[in-house]
Amino acid sequence: ETGVTQTPRHLVMGMTNKKSLKCEQHLGHNAMYWYKQSAKKPLELMFVYNFKEQTENNSVPSRFSPECPNSSHLFLHLHTLQPEDSALYLCASSRLGQVNQPQHFGDGTRLSIL
Amino acid sequence: TQLLEQSPQFLSIQEGENLTVYCNSSSVFSSLQWYRQEPGEGPVLLVTVVTGGEVKKLKRLTFQFGDARKDSSLHITAAQPGDTGLYLCAGAGGSGNTGKLIFGQGTTLQVKP
């Protein structure tokens, strides 16, 4: 139990579907992150939220739309995805304001685009 | 752009052997974190090294941060099948409190009984 819960664990969707990934952290952290993990590639940071405000968008296509209603919840809304978007999507949280804090990861959502 | 090069990318060894994983960069990091990820799970922090030249031990795992804080290594002594997994290094840039980490591409370790 890492304190970061992601749902669903697996998702299969067609390219025209709309779905959302959910992340919830129970650690009292104030920063949350979305990462994409593909085979043989480094973890790709997608979005960063600090105190509910988006502070980083790493040139992510607009078919990925994040939402952070509060410091404990983070969503990733998906629409008209492409086959190359199939990957493991990881959510993480950390405590800002203290130096060198680690990130705590959820177990990810395995996304497959048909 | 800060990059972290991890090597080797894949390692398959027999139980009881020793191994070292390297994490190198041309950039200076305020700290270097090592994570381990098992299939079906997210990465879990093993250790954070902060000071240049620092050495930390976690049972059979020894972590070292380079003097210039640009590189790090993970040495495992007498590897066990339970050590199997994906090992990731991650560097924290700037002052270290922005939360942003740069990850290496990972080393997949397989320890055969």
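Keep in mind that this is a model prediction, so the values were computed, not measured. Lettering follows sequence order; numbering is per chain, from 1.
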Determine, for A:Glu56 against B:Lys100, whether the closest basic-nitrogen to carboxylate-oxygen distance falls under 4.0 angstrom.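 Result for this pair is yes, salt bridge flagged.
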
Interatomic spacing from [atom1] in [X] to [atom2] in [Y] - rounded to 0.5 Å:
X: B:Cys23; Y: B:Phe63; atom1: SG; atom2: CZ; answer: 11.5 Å
X: A:Lys52; Y: A:Ser72; atom1: NZ; atom2: OG; answer: 10.5 Å
X: B:Phe10; Y: B:Ser12; atom1: CZ; atom2: OG; answer: 5.0 Å

Checking [X] against chain A: side chain, backbone, both or neither under 4.5 Å from a heavy atom?
X: B:Tyr35; result: side chain
X: B:Leu101; result: both
X: B:Ile102; result: neither
X: B:Gln33; result: side chain
X: B:Leu32; result: neither
X: B:Gln37; result: side chain

- Item | Single hit among A:Met13, A:Lys18, A:Arg63 for side-chain contact (heavy atoms from CB on, under 4.5 Å) with A:Leu78 |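 Filter result, single survivor: A:Met13.
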
The residue among B:Gln64, B:Arg69, B:Glu54 that forms side-chain contact (heavy atoms from CB on, under 4.5 Å) with B:Val49 is B:Glu54

query = Near B:Lys56 NZ, under 6.0 Å, is it more than 12 heavy atoms from other residues, nucleotides or ligands?
reply =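 Result for NZ/B:Lys56: enclosed.
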
Next item on the list: Select one option (side chain, backbone, both, neither) describing which atoms of A:Leu45 are under 4.5 Å from chain B's heavy atoms.
Entry: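 Contact with chain B involves the side chain of A:Leu45 alone.
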
Cut-off 4.5 Å, heavy atoms of chain B, and the answer for A:Glu44 is neither

Checking B:Arg60, B:Lys112, B:Lys59 against B:Asp83 for salt bridge (charged side-chain N to carboxylate O under 4.0 Å, His left out), the one that qualifies is B:Arg60

Among residues 102-114 of chain A, those lying within the under-4.5 Å heavy-atom range of chain B are A:Pro102, A:Gln103, A:Phe105, A:Gly106, A:Asp107

Requested in this report: Could you tell me whether the side chains of A:Ser94 and A:Tyr33 share a donor-acceptor contact shorter than 3.5 Å?
Outcome: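 Present: a donor and an acceptor within the cut-off.
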
- Task: Starting from the C-alpha separation in whole Å, work towards a yes-or-no answer on ring-ring contact (aromatic ring centres under 6.0 Å, His included) for A:Tyr35 and B:Phe103.
- Result: CA-CA 11 Å; A:Tyr35 288 90; B:Phe103 280 86; 5.6 Å; yes

